[in-house]
A.B. asks: 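I am attaching a structure below and will ask some questions about it afterwards.
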Amino acid sequence: MLAVPDMGLQGLYIGSSPERSPVPSPPGSPRTQESCGIAPLTPSQSPKPETRAPQHAPFSVVVAIDFGTTSSGYAFSFASDPEAIHMMRKWEGGDPGVAHQKTPTCLLLTPEGAFHSFGYTARDYYHDLDPEEARDWLYFEKFKMKIHSATDLTLKTQLEAVNGKKMPALEVFAHALRFFKEHALQELREQCPSLPEKDTVRWVLTVPAIWKQPAKQFMREAAYLAGLVSREDAEQLLIALEPEAASVYCRKLRLHQLLDLSSRAPGSGRLGERRSIDSSFRQAREQLRRSRHSRTFLVESGIGELWAEMQAGDRYVVADCGGGTVDLTVHQLEQPHGTLKELYKASGGPYGAVGVDLAFEQLLGRIFGEDFITTFKRQRPAAWVDLTIAFEARKRTAGPHRAGALNISLPFSFIDFYRKQRGHNVETALRRSSVNFVKWSSQGMLRMSCEAMNELFQPTVSGIIQHIEALLARPEVQGVKLLFLVGGFAESAVLQHAVQTALGARGLRVVVPHDVGLTILKGAVLFGQAPGVVRVRRSPLTYGVGVLNRFVAGRHPPEKLLVRDGRRWCTDVFERFVAAEQSVALGEEVRRSYCPARPGQRRVLINLYCCTAEDARFITDPGVRKCGALSLELEPADGASSGRREIRAAMQFGDTEIKVTAVDVSTNRSVRAAIDFLSN
């Protein structure tokens, strides 16, 4: 045996190129307890990627939880009637003029850290606490963005409550998911008393498509902690990508359920003032209905009228504009079953509705001083929440053609605290500030011009439009006919007008579903009933492992040369599993085989690497980073077995999560396999 000491090798790789083996981690990488020497073997040919139809356990009901940055909710449907989507019961509390089929993503914990309430109940209870008492309570809001922005997300990542106290993010998310679980199961029991709870519910959690694998795994770990499913029944939980869910739902809609922004009456600014898809679509529909094939396609696919008018191969964009992020995906409609194919990897960024809230906070800082706003938030957290609620109510009424000014109430606590801190009143602060478009009204409120309110939207709205325009410039996206604007922020007349103004000249039809704020939630239910509807996805990154290759002079750098027992190896070679932007079918497998380095070894641990480049050669190249680890847990070898023990791993990159299974070739028994993206 050729020993390769002190290199952190965990198993023997049998690759598709001559004489490869797993490479040691680069200098400085953490060592593992299973570190040992290996001997490279002549490889068996790795089979080509093959597609396997996903197998799903039977279930009676799908419950989807749309866990949003600003608002969350759940919906469900029974397997016996999958398209009859039941929305959650109306929530207690609420704001005037706001639909209550979702509740604010607000969590309140007692000073001891125990769960107290979620949603409107949490927000209102916290608001009513005495200011001194409120300092001890842990109130979390808009905390989903932390998972997106964390560059070093782990199971130990902390979240900060409004009062500055911290606790593990995993516990915060688990509290919220547990609340939804109990709420949903209680409603299911009331509607269907005979429905057994165990093994009958498939849960679906929504996440932004631009979330990386660690964030998706984090949500799954939170679901395990909340008791939605167990690790042993992991297949009962699906992760749904938010713009995909919206796409799945939109394909079911009929014309009267869609609003075409290009046909909006001049000067209209409210959701209810828009007109539906115009007569040109209706004429196309009638022409298609004269075709027997089109009628058959419409009925057998179960898709809506708009989609029946589209031909096979037609392309469209879904822009999911939520509270925290904008999430873009491009799909192609496939006949004969109406399945969807992703044409370009998900893109987007942190351009959600909270950006407008941040702009308002910055405006207050310019008027009253950033140091005062920071102190006020820390010492009067409940009053700060009250102020944000007041702003949210006015933000929802903003429109591009609104004529009147907007009044925003300042809590008495704010006015009193400012006078005590600064020695003069807020009216004086407004007169002295350089902000001349915000005045103090005679009713004791901030009076903001419509132009000033619209200016608060501009950085976020501009970011969304720039992302959409950059996407439309990609060659893979040429030929797009439609853009679906979905998500809670898509209700904003300011955003709708800006998108239509910027993109309408391109001939792109911008369409908004009537129930735009519930599109993702309803689509997640449909996705849970038929997760194979998105047949092909694009890999967002290049994934692979490090291997040893036979050293070839002139092709491999001299510094990568490793000589052992007279044989010359090239270290740190990046062996690619899947390339960035590569199309990967659902169920398509990439297979690799590994051998334990020594008899009796119980664990094989192999580092995974990723990058955005498609042509990386070495794991030490710029941009290549360790992103996770493939773990194979081995049972003791059969005493009758002798010789080499081969473990065959099959990885799937075409689903919403990267998945892996493994089998012991000698016994044909399953091997416990997992990919961990959170323990870097």
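Nothing here was measured: the structure is a model prediction, and the numbers come from that model. Just so you know, residue 1 is the first one in the sequence shown, and it goes up from there.
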A.B. asks: Salt bridge (Lys or Arg N to Asp or Glu O under 4.0 Å) for Glu635 and Arg669? Distances and angles first, verdict last.
C.D. replies: CA-CA 10 Å; Glu635 295 294 329; Arg669 293 178 182 173; over 6 Å; no
A.B. asks: Looking at Arg537 and Glu244, is there a salt bridge between them, counting it only when a charged N and a carboxylate O are closer than 4.0 Å?
C.D. replies: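 Salt bridge flag = yes for Arg537 with Glu244.
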A.B. asks: What verdict does the side-chain hydrogen bond (donor to acceptor under 3.5 Å, both in side chains) test give for Thr542 and Glu614, after you've listed the backbone C-alpha separation in whole Å, the side-chain angles of each residue and the deciding distance to 0.1 Å?
C.D. replies: CA-CA 6 Å; Thr542 298; Glu614 301 177 34; over 6 Å; no
A.B. asks: In terms of relative ring orientation, are Tyr74 and Phe76 parallel, tilted or perpendicular, with 30° and 60° separating the classes?
C.D. replies: parallel
A.B. asks: Do Ser539 and Gln582 have side-chain N/O donor and acceptor atoms under 3.5 Å apart?
C.D. replies: no
A.B. asks: Could you grab the distance from atom SG of Cys595 to atom CZ of Arg648, nearest 0.5 Å is fine?
C.D. replies: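 If I round to the nearest 0.5 Å, the distance is 11.0 Å.
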A.B. asks: Tell me, yes or no, whether the heavy-atom count around Lys146 atom NZ, taken from other residues, nucleotides or ligands under 6.0 Å, exceeds 12.
C.D. replies: no
A.B. asks: Please identify each residue that fulfils side-chain contact (heavy atoms from CB on, under 4.5 Å) with Glu633, with sequence neighbours left out.
C.D. replies: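 Glu633 satisfies side-chain contact (heavy atoms from CB on, under 4.5 Å) with Arg603, Ser631, Arg672 once adjacent residues are dropped.
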A.B. asks: Does the pair Glu575 and Arg592 meet the rule for a salt bridge (Lys or Arg N to Asp or Glu O under 4.0 Å), with working shown?
C.D. replies: CA-CA 11 Å; Glu575 208 277 332; Arg592 295 293 186 270; 3.3 Å; yes
A.B. asks: Are any non-hydrogen side-chain atoms of Val665 and Ile647 less than 4.5 angstrom apart?
C.D. replies: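 The answer is no; the side chains never approach within 4.5 Å.
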A.B. asks: Please tabulate, for side-chain N and O atoms in residues 220-227, each donor-acceptor pair with protein atoms closer than 3.5 Å (sequence neighbours left out).
C.D. replies:
| unit_1 | atom_1 | unit_2 | atom_2 | d |
| --- | --- | --- | --- | --- |
| Arg220 | NE | Glu657 | OE1 | 3.4 |
| Arg220 | NE | Glu657 | OE2 | 3.0 |
| Arg220 | NH1 | Tyr224 | OH | 3.2 |
| Arg220 | NH1 | Ala234 | O | 3.1 |
| Arg220 | NH2 | Leu237 | O | 2.8 |
| Arg220 | NH2 | Glu657 | OE1 | 2.8 |
| Glu221 | OE1 | Arg231 | NH1 | 3.3 |
| Glu221 | OE1 | Arg231 | NH2 | 2.6 |
| Glu221 | OE2 | Arg231 | NH1 | 3.3 |

A.B. asks: Do Tyr316 and Val511 have side chains that get closer than 4.5 Å, going by heavy atoms?
C.D. replies: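 Result no, sub-4.5 Å side-chain heavy-atom pair not found.
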A.B. asks: Run the side chain to side chain contact (heavy atoms under 4.5 Å, CB included) check on Val486 and Val318 step by step: do they pass?
C.D. replies: CA-CA 7 Å; Val486 302; Val318 175; 3.9 Å; yes
A.B. asks: Given side-chain hydrogen bond (donor to acceptor under 3.5 Å, both in side chains), test Thr329 with Glu342 step by step and report yes or no.
C.D. replies: CA-CA 7 Å; Thr329 193; Glu342 188 176 45; 3.2 Å; yes
A.B. asks: Applying ring pair (Phe, Tyr, Trp, His ring centres under 6.0 Å), run through Phe677 and Phe218 and close with a yes or a no.
C.D. replies: CA-CA 9 Å; Phe677 293 99; Phe218 182 92; over 10 Å; no
A.B. asks: Does the side chain of Val207 reach to within under 4.5 Å of the side chain of Leu241, using non-hydrogen atoms?
C.D. replies: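 Of all side-chain heavy-atom pairs linking Leu241 with Val207, at least one is under 4.5 Å.
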